[in-house]
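One structure is given here, and the rest of the page talks about it.
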Amino acid sequence: MLNSGLEIMSVMDAMTVTKPAGAPMRSADAALKPSLIGLSREEMGAALRERGVAEKQIKMRVAQLWNWIYVRGVSDFDHMTNVAKDMREMLKQHFTIARPEIVEEQVSNDGTRKWLLRFPPRGAGRPVEIEAVYIPEEGRGTLCISSQVGCTLTCSFCHTGTQRLVRNLTAEEILSQLLLARDRLGDFPDREAPQGTIMPAEGRKVSNIVMMGMGEPLYNFDAVKQALLIATDGDGLSLSKRRVTLSTSGVVPEIFRTGDEIGVMLAISLHAVRDDLRDILVPINKKYPLKELIDACRKYPGLSNARRITFEYVMLKDVNDSLEDAKGLVQLLKGVPAKINLIPFNPWPGTNYQCSDWAQIEKFADFINSAGYASPIRTPRGRDILAACGQLKSESERMRKTERLAFEAMMIANHGADD
């Protein structure tokens, strides 16, 4: 049942829209140009300096570009009306700010949107595809962003884990998911959402972002850090760091850095309270077992009752859903300011797991609540379009060496033809 506070323009059945009209997508020519999206101010200034922009103009030009890209949301240099024409021509010749290609857009009957996005090749590679998901709720809209193409972690209950890692996403590619979602939802000035869009009735259409899509964010720390610092920059996209959550399966060495260098909220994909079971469900536990993980959580910078860590716990029938597991969870997290999200398992083709019975999930939640922890049961969203937690996957695969060499040769040949 959708909340009454949502702006519902029409009730939609699950549907697929191929390559919807909207902001300019990256052409083959644009794919060869570096993007200004995802650069820090210093990097953007250096890029302009290399193209002959006078030193005394650098700071002013960077401020202009930053405002147009992140406040106004433009994806075409020609729309930068207060930038001189010769400057716009130079920018068009050498850079791009175009969005990734939307291969497919699906809309669930609950309003959840999933985009399959295609990014151009990086070096001697092929174009890759990732998924991003938008979940509208009363009072907020949450965008689930991917950090990698595929994943290395092979968590046994997760569909994404069945797709091997192809490569990390760049800061541009991570940030472009947010820019594209804001384009499609009419969340930039002078933009309108597609007819029938379900979204919050007031405020920002994308008010929260979660790094919970494809991949392990802390195995791509530098790019994730840069993208999130730009997303929370007060002179641009200006998202509150308290509305940005990074979810990790437990890359212990990078947890402190996340709080210290990025300062966003932390979520842990926990899913088990015993090492022997977590070794199966979340194999990274073999490298960073529960004691090390929880010790790292206790040391998370800024941790307090007002800035709790969220522990994600997927409910698997007859696997981790007993009252003994609930007792173990309370004991494990003793003294850690925490919220525990209970996630009904979202099935996917080929899985051997089943979702816990609803009555058992409620018993589990009641025990956690009685111990003093908030333990909301996450309402499954977007199951009909495989957009729910743990269901994201694309068809991108790592290029074989022979294919890579052939592609590299073609790229060199094509580059020579353009000169």
Side-chain angles (χ1 to χ4, degrees), residues 147 151-158 160-161 210-212 215-221 245-260 264-305 307-345 352-353 356 360-361 363-365 367-378 389-390:
S147 58
C151 190
T152 61
L153 296 184
T154 64
C155 297
S156 61
F157 59 88
C158 180
T160 310
V210 291
M211 297 298 307
M212 293 183 183
E216 166 53 64
L218 296 190
Y219 277 155
N220 188 17
F221 184 90
T245 299
L246 184 149
S247 177
T248 177
S249 293
V251 185
V252 167
E254 307 295 349
I255 287 177
F256 185 89
R257 289 185 67 197
T258 299
D260 188 49
V264 295
M265 306 299 284
L266 181 68
I268 302 291
S269 293
L270 189 62
H271 311 307
V273 297
R274 308 186 322 269
D275 280 322
D276 60 337
L277 178 57
R278 196 166 190 268
D279 286 350
I280 297 170
L281 297 180
V282 189
I284 195 176
N285 193 75
K286 297 174 185 177
K287 188 173 185 179
Y288 305 114
L290 282 167
K291 185 181 185 305
E292 292 182 28
L293 175 59
I294 301 304
D295 284 347
C297 290
R298 293 183 192 279
K299 298 172 184 174
Y300 192 70
L303 182 63
S304 67
N305 287 329
R307 291 177 63 85
R308 297 172 294 175
I309 294 175
T310 298
F311 289 88
E312 309 282 353
Y313 196 94
V314 65
M315 300 299 295
L316 301 171
K317 185 174 183 178
D318 299 327
V319 175
N320 65 351
D321 62 351
S322 70
L323 284 182
E324 285 302 312
D325 289 306
K327 292 175 184 177
L329 184 54
V330 169
Q331 186 63 33
L332 181 70
L333 301 183
K334 188 175 181 179
V336 179
K339 180 177 77 170
I340 301 163
N341 270 354
L342 301 180
I343 307 169
F345 174 65
N352 292 320
Y353 292 108
S356 302
Q360 186 63 24
I361 296 175
K363 287 179 183 178
F364 198 101
F367 184 90
I368 302 298
N369 277 313
S370 67
Y373 290 96
S375 57
I377 301 171
R378 184 183 291 176
C389 183

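Side chains are part of it too, since the values below use all heavy atoms of this structure and drop only hydrogens, waters and symmetry mates.
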With sequence neighbours excluded, tell me which residues meet salt bridge (Lys or Arg N to Asp or Glu O under 4.0 Å) with [X].
X      : result
Lys299 : none
Arg298 : none
Lys317 : Asp357
Lys327 : Glu324

For the backbone of [Y] and the side chain of [X], can you confirm whether one donor and one acceptor N or O come within less than 3.5 Å of each other?
X      : Y      : answer
Arg278 : Leu270 : yes
Tyr313 : Asn320 : yes
Asp321 : Asp318 : yes
Glu216 : Ser249 : yes

NE2 of His271 to CG of Leu281: how many Å apart, nearest 0.5 Å?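 If we round to the nearest 0.5 Å, His271:NE2 and Leu281:CG are 8.0 Å apart.
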Euclidean distance, Cys297 SG relative to Leu290 CG, rounded to 0.5 Å: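 Leu290 atom CG to Cys297 atom SG measures 10.0 Å (nearest 0.5 Å).
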Could you work out, with side chain to side chain contact (heavy atoms under 4.5 Å, CB included) as the rule, every residue matching [X], not counting sequence neighbours?
X      : answer
Ser247 : Met212, Ala267, Ser269
Asp279 : Asn285, Lys286
Ala296 : Val252, Ile255

Can you tell me which residue pairs pass the salt bridge (charged side-chain N to carboxylate O under 4.0 Å, His left out) test with a partner in residues 328-344, sequence neighbours excluded?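 Applying salt bridge (charged side-chain N to carboxylate O under 4.0 Å, His left out) to every pair that reaches into residues 328-344, excluding sequence neighbours, yields nothing.
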Residues two or more places apart in sequence or in another chain: which of them pass side chain to side chain donor-acceptor pair (under 3.5 Å) with [X]?
X      : result
Ser370 : none
Ser147 : none
Asp260 : none

For Asp325, is there an ion pair with Arg274 - N to carboxylate O distance below 4.0 angstrom?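 So Arg274 pairs with Asp325 through a salt bridge.
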Residue that, paired with Tyr373, satisfies side-chain contact (heavy atoms from CB on, under 4.5 Å) out of Val336, Leu329, Leu333: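 Result: among Val336, Leu329, Leu333, Leu333 is the only option passing the side-chain contact (heavy atoms from CB on, under 4.5 Å) with Tyr373.
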Once ring pair (Phe, Tyr, Trp, His ring centres under 6.0 Å) is applied, do any residues pair with Phe311, and if so which ones, sequence neighbours excluded?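 Once residues adjacent in sequence are excluded, Phe311 has no partner under the ring pair (Phe, Tyr, Trp, His ring centres under 6.0 Å) criterion.
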Return the orientation label for the Phe345 and Tyr353 ring planes: parallel under 30°, perpendicular over 60°, tilted otherwise.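 The arrangement is perpendicular - the two ring planes meet at more than 60°.
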